[in-house]
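Some notes on the structure that comes next.
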Amino acid sequence: MDKTDLKVAIVGAGLNGLALALSLRTFGIEASIYEKADKPRVDGTGIIMWPEGMQILAALTDAEKVKAAGNNVDLVTTLTATSEMINQLSVQAIDSNVNAPIGLFHRRDLYQLLLDAYGEDNIQTGQHCSVENEVILINGKPLIADVIVGADGLFSNVRQFVAPEVNIRQPGVYCCRGIVDFNTPEISDEECYVFAGMQSRIVTYTYDRGNNSKYWFAACPVAEGETLNKACILEQFAHYPPFLLKMIKSTPESQIMPSPLADIAPFSQWSRDNAVLLGDSCCSVLPTMGIGFSLGIENAYILAQSLAANFNHIPHALQRYQHRAQQRSHDLQNITHRLSQLTYTEAFNPAEVQSLYQQFIAVNTHSVF
């Protein structure tokens, strides 16, 4: 069998599913994508891409289109809720060999970039995945493929086959994500800002310089059964800088997405038989450092490489993928989880936060790419 004959079925047409399909295509393998929705989900709010992920994104699509789709920065600045400096991270200062910036995007634009590169007509929609009697099904029929990839997110159905014992963690923290055109001198287009309060956090950045388009993220613990909305944020975050509150207040309700924070603890079994997991289905991370899709696109490329190099022996390919990707993924999961604990549920410790940032950079830049 030639590698071009390899039948790869990807469950989920999200960012990670598209990234894997495009990665496989670079090695001459055309995958089939199965999506449960009636059409691809071109929406969302903001998303960060770290330099390692940016390099792969440019390779899979087009470097100039990537640059045009978002805002490129070098600095991540962390401050207290009263704007006192905690840490400023410069990617170039950490490693002068880094040849890509941090990318700040609207998820819609980033997704459309990948969708245009892959071709929307190649996605099979209305395809519902389930697991019954130890068999992965699509619309009630066995999914037949040489490799089945679960890129179906945190609430993965494929994971119910691969690692059914894994449970989702919910720390009792709720967040709102918003997008708004808002201009203020306190938010530079050249930086991503993190404001850390006592058991609360606001993140903001410009993703479109031409329109002064801002993304913001606000999160804090809530009582069981409660949620978070704009009115609650303006009340509970009243001690934050006035320009942040003004930005949030000016955001239309239709542009605010509330959701509870959730992730999964690191686990070792990423594959079973010919099924394998990718992205949030195996290494979901809390949004503390915005590493989710950067990690996902790197792991997608590793999986594609492993399948292309070991197409005649799928078990070896999946073992190779896990060997190359898993430990770094687990380290990033643990770092972001600990940062979230310090942010939302424990006493804020600037010294430990600084140390965790350093650990994050050390692990994240230690990429196979």
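Note that the structure is a prediction, hence the values are computed from the model and not measured. Numbering starts at 1 and runs along the sequence shown.
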Could you list the donor-acceptor pairs under 3.5 angstrom formed by side chains in residues 219-228, with sequence neighbours left out?
none

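In Lys65, the NZ atom is not crowded: 12 or fewer heavy atoms of neighbouring residues, nucleotides or ligands sit closer than 6.0 Å. The number of heavy atoms from other shown groups lying within 6.0 Å of CD (Glu165) is above 12.
Between Trp216 and Cys176, the shortest heavy-atom contact is CZ3-O, 3.5 Å. Gly296 approaches Asn16 most closely through the heavy-atom pair CA-OD1, 3.1 Å. Nearest approach of Asn274 to Ala145, heavy atoms of both residues: ND2-O, 2.9 Å. Here the closest non-hydrogen pair linking Thr61 and Ala117 is CG2-CB, 4.0 Å. Across every non-hydrogen atom of Glu52 and Asn364, the tightest pair is OE1-ND2, 3.3 Å. Contact between Gly12 and Ile33 at its shortest, heavy atoms only, is O-CG2, 3.8 Å.
Cluster annotation: Ile233 and Tyr215 are assigned to distinct hydrophobic clusters (Ile/Leu/Val/Met/Phe/Trp/Tyr, side-chain heavy-atom contacts under 4.5 Å, transitive). No continuous path of hydrophobic side-chain contacts links Tyr193 to Ile361 [ILVMFWY only; heavy atoms under 4.5 Å]. Linking Ile, Leu, Val, Met, Phe, Trp and Tyr whenever their side-chain heavy atoms come within less than 4.5 Å puts Ile48 and Val363 in one cluster. Residues Ile179 and Ile187 do not share a hydrophobic cluster, defined by chaining ILVMFWY side chains whose heavy atoms lie under 4.5 Å apart. The hydrophobic cluster containing Val42 also contains Ile47, counting ILVMFWY residues as joined when their side-chain heavy atoms lie under 4.5 angstrom apart, directly or transitively.
Using bins of under 30°, 30° to 60° and over 60° for the plane-to-plane angle, the ring pair Tyr207/His106 lands in the perpendicular bin. Taking the six-membered ring where tryptophan is involved, the planes of Tyr321 and Trp270 are tilted, since the angle between them lies from 30° to 60°. Note on ring orientation: taking the six-membered ring where Trp is involved, the planes of Phe27 and Tyr301 are tilted (angle from 30° to 60°). Aromatic ring pairs are classed by plane angle as parallel below 30°, tilted from 30° to 60° and perpendicular above 60°; the pair His239 and Phe237 is parallel.
Residues Pro258 and Tyr174 have side chains in contact (heavy-atom distance under 4.5 Å, counting atoms from C-beta outward). For the pair Pro287/Leu261, a side-chain contact is recorded, criterion being any heavy-atom separation below 4.5 Å from C-beta on. Counting heavy atoms from C-beta outward, Leu154 and Ser281 have side chains that stay 4.5 Å or more apart. Side-chain contact between Val149 and Leu20 is present, with at least one heavy-atom pair separated by less than 4.5 Å. At a threshold of 4.5 Å between non-hydrogen side-chain atoms, the residues Leu114 and Asp116 do not count as touching. Between Glu191 and Val73, the closest side-chain pair of non-hydrogen atoms is not below 4.5 Å. Thr288 is listed as a side-chain neighbour of Arg201, based on a closest heavy-atom distance under 4.5 Å.
Residue Val135 is found in a hydrophobic cluster whose other members, listed by chain and number, are Leu137; membership requires side-chain heavy atoms under 4.5 Å apart, directly or through intermediates.
Taking CG of Leu57 as the start and CG of Leu110 as the end, the distance is 5.5 Å to the nearest 0.5 Å. Here CG of Asp74 is found 3.5 Å from OG of Ser90. Values are rounded to the nearest 0.5 Å. One finds the OG1 atom of Thr336 at 11.5 Å from the CD atom of Gln359 (value rounded to the nearest 0.5 Å). To the nearest 0.5 angstrom, Gln358 atom CD is 5.0 Å from Gln354 atom CD. Distance CG/Leu307 to CG/Leu318: 6.0 Å, rounded to 0.5 Å.
Remark: side-chain polar atoms of Thr77 are not paired, donor with acceptor, to backbone N or O of Gln88 under 3.5 angstrom. For the pair Arg177 (side chain) and Gly46 (backbone), a donor-acceptor distance under 3.5 Å is absent. With hydrogens and angles ignored, the 3.5 Å screen pairs a side-chain donor or acceptor of Gln326 with a backbone N or O of Ser268. In this structure, the side chain of Thr80 engages the main chain of Glu84 through a donor-acceptor pair within 3.5 Å. No donor-acceptor pair under 3.5 Å is formed between the side chain of Ser355 and the backbone N or O of Ala351. In this structure a side-chain-to-backbone donor-acceptor pair under 3.5 Å is present from Lys230 to Lys249. When atom types are taken as modelled, the side chain of Gln333 and the backbone of Ile264 share a donor-acceptor pair closer than 3.5 angstrom.
Side-chain atoms of Ser306 and Asn310 form no donor-acceptor pair, as typed in the model, at a separation below 3.5 Å. Judged by distance alone, the side chains of Gln305 and Arg320 never bring a donor and an acceptor atom under 3.5 Å apart. Side-chain atoms of Asn157 and Ser130 include no donor-acceptor pair closer than 3.5 Å. There is no side-chain donor-acceptor pair under 3.5 Å between Asn71 and Thr206. For the residue pair Ser329 / Asn299, a side-chain donor-acceptor distance below 3.5 Å is found, with atom types taken as modelled. Residues Asn334 and Asp331 bring no donor and acceptor atom of their side chains to less than 3.5 Å of each other. A side-chain donor-acceptor contact under 3.5 Å links Thr78 and Tyr357. Side-chain atoms of Tyr240 and Ser200 form a donor-acceptor pair, as typed in the model, at a separation below 3.5 Å. For the 3.5 Å distance criterion, the side chains of Thr125 and Asp38 fail to qualify, holding no donor opposite an acceptor. No donor-acceptor contact under 3.5 angstrom links the side chains of Ser213 and Asn211, judged on distance only.
Ionic pairing of Arg338 and Glu346 is present here: one or more N-O contacts between side-chain nitrogen and carboxylate oxygen are shorter than 4.0 angstrom. Ion pairing between a basic and an acidic side chain is recognised when a charged N comes within 4.0 Å of a carboxylate O; Arg169 and Asp263 show such pairing. A salt bridge does not link Arg41 with Glu35: every distance from a Lys NZ or Arg NE/NH1/NH2 to an Asp or Glu carboxylate oxygen is 4.0 Å or more.
Residue Thr204 is tested with Ile248, Val194, Leu244 for a side-chain contact (heavy atoms from CB on, under 4.5 Å); the sole match is Leu244.
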Worksheet item: What's the verdict on side-chain contact (heavy atoms from CB on, under 4.5 Å) for Phe155 and Ile168, showing C-alpha distance, side-chain angles and the deciding distance?
Response: CA-CA 8 Å; Phe155 300 95; Ile168 294 170; 3.1 Å; yes
Worksheet item: Between Val11 and Leu143, is a side-chain contact (heavy atoms from CB on, under 4.5 Å) present by the stated rule, with each step listed?
Response: CA-CA 10 Å; Val11 179; Leu143 178 53; 4.0 Å; yes
Fill in: Audit row: Arg209, Glu190, salt bridge (Lys or Arg N to Asp or Glu O under 4.0 Å) steps and yes/no
CA-CA 10 Å; Arg209 297 190 185 208; Glu190 305 292 339; 2.8 Å; yes
Worksheet entry | Step-by-step side-chain contact (heavy atoms from CB on, under 4.5 Å) determination, Asn87 to Val353 | CA-CA 9 Å; Asn87 179 72; Val353 168; over 6 Å; no
Discussion item. Could you go through Gln127 and Lys36, starting from their C-alpha distance and side-chain angles, then the distance that decides it, and tell me whether this counts as side-chain contact (heavy atoms from CB on, under 4.5 Å)?
Written reply: CA-CA 4 Å; Gln127 306 294 309; Lys36 67 179 179 181; over 6 Å; no
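Stacking of Arg272 on the aromatic ring of Phe161 is recorded, both the 6.0 Å distance cut-off and the 45° axial limit being met.
Aromatic pair Trp50/Phe293: centroids not less than 6.0 angstrom apart.
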